[in-house]
Amino acid sequence: MSVKILSKSEAFYDTYERRPGSNKDQTHYCPGCGHGILHKLIAEALVDFGVTKNSIVVGPVGCSVFTHYYFNAGNFQSAHGRAPAVATGVKRSLPESIVLSYQGDGDLAAIGGNEILHAANRGEAITVFFVNNAIYGMTGGQMAPTTLIGQKTTTTPYGRTLENEGYPIGMSEIISQLASPVYVERVMLADTRSINAARKAVRKGIENQVEKKGFSFIEVLSTCPTGWKMTAPQAEEWIKTTMLESFPLGVYKDIADQVEPLILHKDTVPSRRVPKFLGLNQEGEGFDISQMKIAEDVDQEIKIAGFGGQGVLSLGVWLSEIGMREDLKVSWIPSYGPEMRGGTANCHVKLSRTDIGSPLVTHSNILIAMNRPSLEKFEADVVEGGVIIWDNSLIDIEPTRKDIRNMPIPATQIAKDLGTTRISNVVILGVLAGITDFLDPDVVQRVLPIIFKKKQLLSINLKAFQKGLELGRELAN
Ligand SMILES: Cc1ncc(C[n+]2csc(CCOP(=O)(O)OP(=O)(O)O)c2C)c(N)n1
Ligand code: SF4
Ligand SMILES: [Mg+2]
């Protein structure tokens, strides 16, 4: 028994290779977070029913956005609130698979409130795990539909009030009123006993699907010590003393034994009709999927990362702005995963002569690391022969890679010498213009006055750019 509890479930990857950075053994969840416990309960059930390889976990947007790092099963990551729609599509096209939708309260009850109601009402043969931690954990603790009356969040700093925000929503109560769901239960993760009860509910939800019984919904009252600003034991206690008043536990509906197994048909679309469905072409006009243009010739894939306040996102915007003036295709996306809580920021920038397929930079040819966590986290993702520009006035380690061009730049020190550390990103812009041929320094110098309208600001930024440019040119030679 002790082996079973202490060892990691086979439904998890041995090491989390999809997790960026060097920590491949631990999850990204905060200590004391309920998500990790629920993952474990689900993983154990998948193994016990022998369905891991046949299962598909549909992850949400929220702290559990990275379920695909952990479950050694099929994985989807859906848009915010859309997990039930994705799960519907997956289950209908692969009726023999076990499809799990995993969602937080912001995801399921706020932005995705409509999605879940209709998936439940249609009686989709999926299992939904609803993690109710009464807050938006990932984005820094805003009010969720399930936030309690009186609960302080960043958007209800004086506490949620009935007059302003209304009552917390009881999703189990609502879903259980619909005719189609076969099983609805609310459980909690607050101590060993309640976790054991939750384990049973998780198993039942999955077993129902194995037996083709229809829509199951398991709401899990779950700790968020970070969002609640509590220690882990305080958070567990808070569930018992406070959350339970608004969210009573129990089986809200269970008709699984009374319904016949569903006969699930595979909805197929003849492939000749796909282009028409996608609105790509008229049927019969010679649509050829091999002719679809895939962007191959992306010239620069840049990841810029550092602390919030270092101008990391602005540097990305400027690069895109300059790229546009150079007639390039450009994309810029800020990435705000849970790592935002640590105060870090990063953005993905692509500059290309051809169409850009995806704005995501997964393998950068230039990494700009403005602090140590960013270097540690993204170094492994740089392509062989790529460039790592890192601020060696702030970072006290070196890149470990030997197959990249290593460019230590004391950007913050240079900026400080010029009068303010806030312009270290412009120093880096100069370095980029110096080491590559995709940023024409003249164009950059024409764009800077548009960005920095105040004369004084412009003059110091031009100096920072010039310094970086000289340094970049030296390094390039
Ligand atoms: C379309 C869209 N709107 C808003 C956001 C910002 N956002 C990210 S996660 C989140 C809420 C997460 O809260 P919850 O679902 O309760 O998950 P938790 O982190 O608490 O587990 C929001 C609003 C987003 N990523 N996408
Ligand atoms: S912020 Fe809350 S929900 Fe998110 S990982 Fe941390 S404890 Fe868990
Ligand atoms: Mg939440």
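First listed ligand is number 1; within each ligand, the first listed atom is number 1.
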Looking at Lys24, I want to see if its NZ is surrounded by more than 12 non-hydrogen atoms of other residues, nucleotides or ligands under 6.0 Å.
yes

Sequence neighbours left out, what passes ring pair (Phe, Tyr, Trp, His ring centres under 6.0 Å) with Trp332? Give chain and number order.
none

Give the numbers and elements of all ligand 1 atoms closer than 4.0 Å to a heavy atom of Met138.
9 (S), 19 (O)

Spatial distance of atom CG (Leu38) from atom NZ (Lys40) [nearest 0.5 Å]:
12.0 Å

Can you sort out which atoms of ligand 1 are near Ile135, meaning under 4.0 Å from one of its heavy atoms?
16 (O), 20 (O)

Are Phe217 and Tyr183 close enough that their ring centres sit under 6.0 Å apart?
no

Donor on one side chain, acceptor on other, Ser172 and Glu219, under 3.5 Å:
yes

The one among Gly137, Ser222, Gly104 that brings a heavy atom closest to atom 18 (P) of ligand 1
Gly137

Can Gln142 be said to touch ligand 1, with heavy atoms closer than 4.0 Å?
no

Report whether any nitrogen, oxygen or sulfur of Cys63 sits less than 2.8 Å from atom 4 (Fe) of ligand 2 (N, O or S, backbone or side chain).
yes

Is the CG atom of Asp14 crowded by more than 12 outside heavy atoms at less than 6.0 Å?
no

Any chance the rings of Tyr102 and His39 have centres within less than 6.0 Å?
yes

Atoms of ligand 2, numbered as shown, that sit under 4.0 Å from any heavy atom of Pro225:
7 (S)

Classify the contact between Ile135 and ligand 2 as side chain, backbone, both or neither, using a heavy-atom distance cut-off of under 4.0 Å.
neither

Among Asp105, Asn132, Val131, which one puts a heavy atom closest to atom 16 (O) of ligand 1?
Asp105

Side chain or backbone, does Asp107 bring an N or O within less than 3.5 Å of an N or O on ligand 1?
yes

Give the atom numbers and elements of ligand 1 that come within less than 4.0 Å of a heavy atom of Ile111.
1 (C), 3 (N)

Name the one of Tyr70, Tyr69, Phe66 that satisfies ring pair (Phe, Tyr, Trp, His ring centres under 6.0 Å) with Tyr16?
Tyr70

In ligand 1, the atoms that come under 4.0 Å of a heavy atom of His35 are 21 (O)

Do any of the N/O/S atoms of Cys33, backbone or side chain, fall under 2.8 Å from atom 2 (Fe) of ligand 2?
no

Going by the atom numbers of ligand 1, which of them fall below 4.0 Å from some non-hydrogen atom of Gly62?
9 (S), 12 (C), 17 (O), 19 (O)

